[in-house]
Amino acid sequence: MVRRLAMLLTAGALALTAGPILAHHSFAMFDRDNQIDLEGVVQEFRFVNPHTFIYLVVKQDDGNTVTWSLEGQSPAALVRSGWTSKTLKAGDELKMRIAPLRSGAPAGAWAPNQTSFRDGRALDASQSSVGFPDSAELQR
């Protein structure tokens with residue numbers, strides 16, 4: 001009887017702690033309805049779990065620069081489209097349509113089919129654009 005109670009309590013404790021591990025944040029913090037276009041230079045491409053990041057240095061009209069922190073899909077999702085940790089490198093010039101943060105901070109969400117090199121060379125856009133309306137095509 002004691003052994004069964006201990007097993008039941010252990011199973012309950014494991015079930016309660018598993019929830020946060022499996023949890024995932026929503027994309028509600030990004031303004032998908034008012035996307036913006038950015039052009040800039042990759043400072044860093046972080047191919048890490050749970051989400052990839054592009055740090056993009058964007059030149060402002062006054063000549064100053066702002067570094068945007070752009071959250072993307074998981075590395076596993078990008079790998080299915082042929083991406084690797086070396087697909088983007090520091091110094092690559094990109095043209096992107098992003099869903100900016102609702103707060104106005106220089107950050108947002110990016111998707112492969114909303115990203116190209118500035119010179120028009122396309123990146124693999126076969127991956128779905130999680131968090132983006134299907135009608136939002138980046139003009140290359």
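- Looking at every heavy atom in both residues, Gln35 comes nearest to Pro100 through CA-CD, 4.0 Å.
- Scanning both residues, Ser74 and Asn49, for their nearest heavy atoms gives CB-OD1, 4.4 Å.
- Note that the CZ atom of Arg118 and the CG atom of Leu38 stand 10.5 Å from one another [nearest 0.5 Å].
- Not a single donor-acceptor pair under 3.5 Å links the side chain of Asn34 to the backbone N or O of Asp31.
- Atoms CG and CG, on Leu88 and Leu94 in that order, are 5.5 Å from each other to the nearest 0.5 Å.
- Distance OH/Tyr55 to CD/Gln43: 9.0 Å, rounded to 0.5 Å.
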Report the C-alpha distance between Lys95 and Gln114 in whole Å, list the side-chain angles of each, state the deciding distance to 0.1 Å, and finish with yes or no for side chain to side chain contact (heavy atoms under 4.5 Å, CB included). CA-CA 8 Å; Lys95 182 177 179 181; Gln114 299 290 323; over 6 Å; no

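- With His51 contributing its side chain and Gln73 its backbone, the two residues share no donor-acceptor pair below 3.5 Å.
- Here the straight-line distance linking atom CG of Leu56 with atom CD of Glu93 works out to 10.0 Å at 0.5 Å rounding.
- The line from CG of Leu78 to OG1 of Thr87 is 8.0 Å long, rounded to the nearest 0.5 Å.
- Minimum interatomic distance between Pro75 and Pro50 (heavy atoms only, all atoms of both residues): CD-O, 4.2 Å.
- By the 6.0 Å and 45° rule, Arg121 stacks over the aromatic ring of Phe117.
- The shortest non-hydrogen separation linking Arg102 to Phe30 is NH2-O, 3.3 Å.
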Run the side chain to side chain contact (heavy atoms under 4.5 Å, CB included) check on Ile54 and Met96 step by step: do they pass? CA-CA 11 Å; Ile54 296 173; Met96 310 175 79; 3.8 Å; yes

Hey, can you pull the donor-acceptor pairs under 3.5 Å for the side chains in residues 61-70, sequence neighbours left out?
{"from": "Asp62", "atom 1": "OD1", "to": "Asn64", "atom 2": "N", "distance (Å)": "2.9"}
{"from": "Asp62", "atom 1": "OD2", "to": "Asn64", "atom 2": "ND2", "distance (Å)": "3.2"}

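- With values rounded to the nearest 0.5 angstrom, Ser85 atom OG is found 12.5 Å from Arg46 atom CZ.
- Two different hydrophobic clusters hold Phe53 and Val58 under the rule that ILVMFWY side chains link at heavy-atom gaps under 4.5 Å.
- Ring pair Trp110/Phe45 is perpendicular by interplanar angle, where above 60° counts as perpendicular and below 30° as parallel.
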